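Since the structure comes first, as C-alpha cells, the remarks are kept for the end.
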Amino acid sequence: MDSGRPIGLLSSLKVELSALIAIATAISFVMAWFLLKVGWSGWVAMPLTLAVSLGITYLFSRGLTSPLRQMRDAAEAMADGDYTVRVETGTDSNDEVGQLARSFNDMAEELQHADQMRSDMIANVSHELRTPVSALQAMLENLADGVIEPTPANLDGILKQTYRLSDLIAFLLDLSRMEAGAASLEIESFNFAQFIDETVEPLEIADAGHAHSIEVHVPESITMEGDQDRLRQLFTNIIANALKHSADETTVLIEAHIDEDHGMIVTNVVNFGSQIPKEARSDIFRRFVKGKTGPGTESGGTGLGLSIARWAAHLHGGTVRVVDDPRGADFEIVLPKYHIAL
C-alpha cells in the first residue's frame, strides 16, 4: 500500500468510506467516554473529540483524493503537450481510485507512444517525399537548362521517381484507411494460383535489373474467397519485400497449401540466405520501420509495406508473421479459404 495514502487496502471504495466513518465514530465515542470519565467537562471534551474525529477523517480523505489531484495535474500537463507525466500515488491500491490511476497511466503511455509515432511519421514522410521531389526537380532543371538531353535513359529516371512518388502516396492513402478503420471488402471467389501468377508478373518486370528468380509452387486446385484488391496489396508488399532484401541473382520461393483441419490457405514467401532475428520479427510490421538492406537490394522504402500487408490480412481474418525456416527469411501468410464476416 502507498505510504502517502493509508487507505486502499480493500477492493471497494464504498467499503473503505464506510470503514473510515465507523473508525472515526468509534474513536470519537471512546475518547469522549474516557475524557468524561476522568472528569473533564462536557463543554471541553465534546469539541476536542469532534476536532480529533475531523482530523482523522481529513487525514484519510486527503490520502484518498491524492491520486485524483495528481491525475488533474497530469491531465493539465498533457493538455499542454507533455505526455511524460504519470500518477505516482495510489497505483498499488485495490480500490476504484487505484484502478483509475493505473488506467490513467496506461492511457498516458499510449498517448505518449502515439505522439512519438506522429512525430516519427511526419519526419519519415517528409524525408520520403523530399528525396524523389528533389531528384525530379534536379532532373527537370537540367533538362530545362539544356545540361542534359531528353534521352530515353534520362526520361526513364524521371519516370522512376514519379513511380516512387505514386507508391508513397498510395501507401499513405492506405495508412489513412487503416487509421479510419475502413474495412469495406468486395468479396468474390477466385483461383488462388492464377491470382498469385497475376501478382508476381508485374513484380518480375520491375525486378528485371536484379535478375531474381521467383519460383511459384501453388496447386492449381486452390480457390478462395476474398477481396482481390486488398489481397493483392498483401502479397505484392510481402513478395516485393522479399525481392528487396535478396541479393541479385538469388531465388524467392512462393509456396502454398491448404490446412484442411482449420480451413485455411497457408502461403510461405521465402528469400533464401537471409534471416530475421527473432527479437525483430514483430517490430518489422510496425509503421515506418525499415528493414536493413544488403548487397543487391534497393532502399529500405517507406516502412509502410509490411504494416499494410498485416492490415489487409487482418481484414480477411488472417495473419502474417515471420516463422523459423533454415532456408531463409520466411513470411507465412495464413488466410481463411472462405470469407469470415468480422
Side-chain angles (χ1 to χ4, degrees), residues 174 177-178 181-204 207 212-246 250-286 291 304-342:
D174 289 332
R177 293 191 185 101
M178 283 194 291
S184 58
L185 298 174
E186 296 293 334
I187 304 301
E188 57 183 321
S189 179
F190 57 91
N191 183 275
F192 188 68
Q194 182 180 348
F195 166 81
I196 292 295
D197 289 339
E198 293 172 353
T199 302
V200 166
E201 184 177 358
L203 293 174
E204 288 179 319
D207 184 68
H212 289 124
S213 173
I214 303 178
E215 291 186 13
V216 180
H217 298 160
V218 179
E220 294 286 343
S221 59
I222 297 180
T223 59
M224 74 170 294
E225 294 179 352
D227 185 320
Q228 289 199 58
D229 290 337
R230 288 283 171 257
L231 292 174
R232 201 174 306 280
Q233 282 181 306
L234 191 168
F235 284 96
T236 296
N237 290 342
I238 295 295
I239 299 168
N241 180 77
L243 293 169
K244 186 182 299 179
H245 295 90
S246 298
T250 58
T251 298
V252 170
L253 172 66
I254 305 169
E255 54 186 6
H257 67 275
I258 297 179
D259 180 354
E260 298 288 357
D261 294 336
H262 300 93
M264 309 295 279
I265 298 174
V266 181
T267 308
N268 294 85
V269 179
V270 186
N271 58 303
F272 294 92
S274 64
Q275 290 286 356
I276 301 174
K278 288 187 177 181
E279 61 273 14
R281 292 180 181 179
S282 59
D283 289 340
I284 61 175
F285 290 98
R286 295 175 59 189
L304 288 171
L306 294 181
S307 178
I308 291 171
R310 183 176 61 177
W311 167 66
H314 287 174
L315 287 181
H316 288 80
T319 59
V320 180
R321 63 189 182 115
V322 179
V323 297
D324 292 330
D325 192 327
R327 298 174 297 179
D330 186 345
F331 283 78
E332 183 178 81
I333 306 162
V334 181
L335 296 166
K337 181 175 172 61
Y338 300 103
H339 176 64
I340 302 173
L342 301 177

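Note that the structure is predicted; figures quoted are calculated from it, not measured.
Without hydrogens or angle criteria, H212 side chain to S246 main chain gives a donor-acceptor distance under 3.5 Å.
Here the closest heavy-atom approach between residue R310 and residue V320 is recorded as CA-CG2, 4.4 Å. The two residues D227 and D229 make their nearest non-hydrogen contact at OD1-N, 3.0 Å. Contact record, A242 with V252: CB-CG1, 3.9 Å, taken as the closest heavy-atom pair. Annotation for T223 and I265: closest pair O-CD1, 4.0 Å, computed over non-hydrogen atoms. Minimum heavy-atom separation, G318 to L335: CA-CD2, 4.1 Å. What you find for A193 and P219 is that their closest heavy atoms are CB-O, 3.6 Å.
Atom CD of Q233 is separated from atom OG1 of T199 by 11.0 Å, given to the nearest 0.5 angstrom. To the nearest 0.5 Å, the span separating CD on E225 from NZ on K337 amounts to 8.5 Å. For the atom pair CE of M264 and CD1 of I258, the computed distance is 12.0 Å after rounding to the nearest 0.5 Å. Considering CD of E204 and CD1 of I214, their distance stands at 4.5 Å, rounded to 0.5 Å.
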* Dump the intermediate steps for side-chain contact (heavy atoms from CB on, under 4.5 Å) on L306 and I238, then the final yes or no. => CA-CA 7 Å; L306 294 181; I238 295 295; 3.6 Å; yes

* To do: Would you sort out whether L253 and N268 count as a side-chain contact (heavy atoms from CB on, under 4.5 Å), showing the intermediate values?
  => CA-CA 8 Å; L253 172 66; N268 294 85; over 6 Å; no

* Please lay out, stage by stage, how F235 and I254 fare under the test side-chain contact (heavy atoms from CB on, under 4.5 Å). => CA-CA 10 Å; F235 284 96; I254 305 169; 5.9 Å; no

* side-chain contact (heavy atoms from CB on, under 4.5 Å) assessment of N271 paired with T250 -> CA-CA 8 Å; N271 58 303; T250 58; over 6 Å; no

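Two residues are said to be in side-chain contact when any heavy atoms from C-beta on lie closer than 4.5 Å; H257 and I222 fail this criterion. Looking only at side-chain heavy atoms (C-beta outward), V269 and N241 stay at 4.5 Å or farther from each other.
Under the side chain to side chain contact (heavy atoms under 4.5 Å, CB included) criterion, A312 pairs with L234, not counting sequence neighbours. With sequence neighbours left out, T319 forms a side chain to side chain contact (heavy atoms under 4.5 Å, CB included) with V334. Residues forming a salt bridge (charged side-chain N to carboxylate O under 4.0 Å, His left out) with E255 (at least two apart in sequence, or on another chain): R327. Listed by chain and residue number, E188, F192, F195, M224, Q228, L231 satisfy the side chain to side chain contact (heavy atoms under 4.5 Å, CB included) test with F190 (two or more places apart in sequence, or in another chain). Judged as a salt bridge (charged side-chain N to carboxylate O under 4.0 Å, His left out), and not counting sequence neighbours, the contacts of E198 are R232. In this structure, the side chain to side chain contact (heavy atoms under 4.5 Å, CB included) partners of D197, at least two apart in sequence or on a different chain, are V216.
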